[in-house]
2 protein chains.
Amino acid sequence: MGRKKQSRVTLQEVAKHAGVSRATASLVVRGSPNISKETREKVLKSIKELGYIYDRVAANLRSHQSSTVGLIITEIGNPFFSELLVGVHEALDKEGYTVILGTTFDSPDKQDALLATMLEYRVGGVIMSPVPGSSPDMVERLKQWGIPVILVARKMLSEEPFDYVGIDNVAGGRIAAEHLIEQGHRRIAFLGGFSNSSVWTDRKKGFCEAIEQAGLEMDESLFVQSPATRQGGIEAIKRVMQHPQPPTGVFCYNDVVASGVMLGLKEQGIVPGKDVAVVGFDNIPESAVFSPSLTTIAAFPDRLGAKAADLLHRRMKGDEEEAKKLILQPELVVRESS
Amino acid sequence: MGRKKQSRVTLQEVAKHAGVSRATASLVVRGSPNISKETREKVLKSIKELGYIYDRVAANLRSHQSSTVGLIITEIGNPFFSELLVGVHEALDKEGYTVILGTTFDSPDKQDALLATMLEYRVGGVIMSPVPGSSPDMVERLKQWGIPVILVARKMLSEEPFDYVGIDNVAGGRIAAEHLIEQGHRRIAFLGGFSNSSVWTDRKKGFCEAIEQAGLEMDESLFVQSPATRQGGIEAIKRVMQHPQPPTGVFCYNDVVASGVMLGLKEQGIVPGKDVAVVGFDNIPESAVFSPSLTTIAAFPDRLGAKAADLLHRRMKGDEEEAKKLILQPELVVRESS
DNA sequence: CTTTACATTTAAAACGTTGTCAATTTGTTT
DNA sequence: AAACAAATTGACAACGTTTTAAATGTAAAG
């Protein structure tokens, strides 16, 4: 069954085996151009024969570089974030980075702990979706150590001078409301999410703008906050339907909430898409298969992720320009639910 | 705006500031018991004052330990795997490990490359869902270096002596078929996935066992392989419904395929759950919101992940017992689609 | 007042690599 | 043959920790 725990072969041993100096061997593994083809092959052969494994940890320690980046998201459960993760991961992969993953589950403490861990691991940069209401201190600290941080999908509480990649949530909210108004709805609810997140306030802002512009009355009882989960959606729709004048259209904080909303409607014998129009946000892949299929605002999480990764890459390469804000435009996707 | 790129404070500097030796400072940061309370506090104070950051990379290099583990999955897009990821991640987090993530996208080469990378990063262990048909050489190699590897959800081609955590796919296939037979279906299709994966062959095996036991005929044209994606499901159901004697019940390789199958049925004006019964596999959260809601075989990916993480933790702690196989039992979840 | 024992603390070597740079070898051109 | 360029070397000092074995200080025991 092979021996146990053979100890690592070092570059030193490779060099000796190939009959060259350690310096030369080092240049070979790093692909230096001024090494003759001959010696390069000699060394590569020895590497293969001895089963040498490059020690990136030692190399990074010595060279003050880092080929790892930290990725911090709030919940992997939400397909929006898994798509985001795919986008980031794929783009970073292409550039040869290795990803250290962290999940905050919306806890500020956990977020700080994660950032601290990433610091301890000497990551070269961080892409994160911040917890609503968390303080920018820790991010500031990373930047002070020269570690670039890209915020994605969510901003921090205040308008901090950080790089940010996201979508235009105000526009998204407006588009959603305009669509429902165009469909003839006069009483429209906004369900799910919490007002402490920048995403929520932005979407609400756009929503309200469209409502006002159409000259509709703004009824505070049509705004129901709840966790951005399926269960949260179920509860929110139940609450709002008890209103003496229930809405005929609802705009949901995101698609997961929308799935709960539609479930809740069905439970009460109300047919979503017919009796009540439902519009979601994010356009997660599943929303096409819901029934009725969900009208939603596409937020392109994978593109967001890829853009964030590109930006981070540029920063790590030494781009020192001032903070960039990349705002993608969302798009309305009309389906059966409205 | 603070200075740029302050260089890291080292333990050396902390020691000097606290008036102790570097060794003592090191013992303090590691929480050694035989350090007097006095000096401990002195050092901790200096750490705080100087803003010292522990360098785990350097520490791991020296101590030959590793607090990172590699996690390799095939596709983050499938909710089954995101749930798995959640389970693994949460459990490892609790034990203080940091996760390095990799995705193979079902490419054996990518898988080998990822394993090589993890080796280079000196991970302490690996949890992976292997690419179907990939060779166990690389895994063997890791184990030779004393790095434990846990296979999860998928086995390697042959019955290798590796630790494995998965569910009983044969039982799952049988349960699904039995359920459909019990509902009165005589012609049942098995759609999606490819025969090169152990998961597929196992599910098919159980499926066939039940068919035979019920004395039904086995029609090869009712087995349609396709990518395990929504699109794959759409194509598979279209193909099989062209059959002169189309099935009245279908068992899908997984829930994602099932979602495609139901979509494909609707496109043809056939009502899933009424005209044709559909059963999925995995019980991804979304399957409850499909319409009709999907009858499926629950595979508990999060539990799988947690178990795998626990097992890995034990291995990393030095548990040298021979390869363990942990097989969880799947459960039938009946909903509207059957 | 010395010895023994014990708890703390320490100096120096190690981990596996890269950076530096002057010195050497080899190959090519004038 | 000399002059030049290109490729390779050797030696040593980093990088920021942990490890080892040895040294210190102090209190209890003789």
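Letters go in sequence order (proteins before strands), and every chain restarts at 1. Just so you know, these numbers use all the heavy atoms, side chains as well, and skip hydrogens, waters and symmetry mates.
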Minimum heavy-atom distance between A/Ile76 and A/Ser82, given as atom pair plus value: O-OG, 3.7 Å
B/Val149 and B/Met118: side-chain contact (heavy atoms from CB on, under 4.5 Å), yes or no, with the steps? CA-CA 11 Å; B/Val149 177; B/Met118 312 244 137; over 6 Å; no
Report which part of the nucleic acid A/Thr10 touches: base, sugar-phosphate, or nothing (heavy-atom distance under 4.0 Å, all strands). sugar-phosphate
Base, sugar-phosphate alone, or nothing: which one does B/Arg22 contact when heavy atoms must sit under 4.0 Å apart? base
With a sphere of 6.0 Å drawn around NZ of A/Lys42, does it hold more than 12 non-hydrogen atoms of other residues, nucleotides or ligands? yes
If a pair satisfies ring-ring contact (aromatic ring centres under 6.0 Å, His included) and one of its residues is in residues 90-142 of chain A, list it, with sequence neighbours excluded. A/Tyr97-A/His313
List for me each residue that meets side-chain hydrogen bond (donor to acceptor under 3.5 Å, both in side chains) alongside A/Asp93, sequence neighbours excluded, and say none if there are none. B/Lys110
B/Arg22: partners by side-chain hydrogen bond (donor to acceptor under 3.5 Å, both in side chains), with sequence neighbours left out: none
Indicate yes or no: at least one non-hydrogen side-chain atom of [X] is less than 4.5 angstrom from one of [Y].
X	Y	value
B/Glu49	B/His17	yes
A/Ile150	A/Val165	yes
B/Lys155	B/Lys325	no
A/Pro148	A/Leu312	yes

Can you list everything that forms a salt bridge (Lys or Arg N to Asp or Glu O under 4.0 Å) with [X]? Sequence neighbours excluded, please.
X	result
B/Glu38	none
A/Asp106	A/Arg154
A/Arg122	B/Asp55
A/Glu120	B/Arg56

Check this for me, if you would: do B/Asp319 and B/Lys324 make a salt bridge, where the nitrogen-to-carboxylate-oxygen distance has to be below 4.0 angstrom? yes
Using a 4.0 Å cut-off to any heavy atom of chain B, which nucleotides of DNA chain C are the first and last in contact, reading 5' to 3'? C/dT8 to C/dG16
For DNA chain D, find the residues of residues 27-47 of chain A with a heavy-atom distance under 4.0 Å and give them by number; none if there aren't any. A/Asn34, A/Ile35, A/Ser36, A/Thr39
Does anything in residues 57-66 of chain A reach DNA chain D, meaning a heavy atom under 4.0 Å, and if so which residues? A/Leu61, A/Arg62, A/His64
Nucleotide interval of DNA chain D bounded by contacts with chain A (heavy-atom cut-off, under 4.0 Å): D/dA7 to D/dG16
Angle between the two end axes of the helix from C/dC1-D/dG30 to C/dT30-D/dA1, five base pairs per end, rounded to 10 degrees? 50°
Let me know, please, whether A/Ala23 or A/Leu11 comes out on the 5' side of the other along DNA chain C by nearest nucleotide. A/Leu11
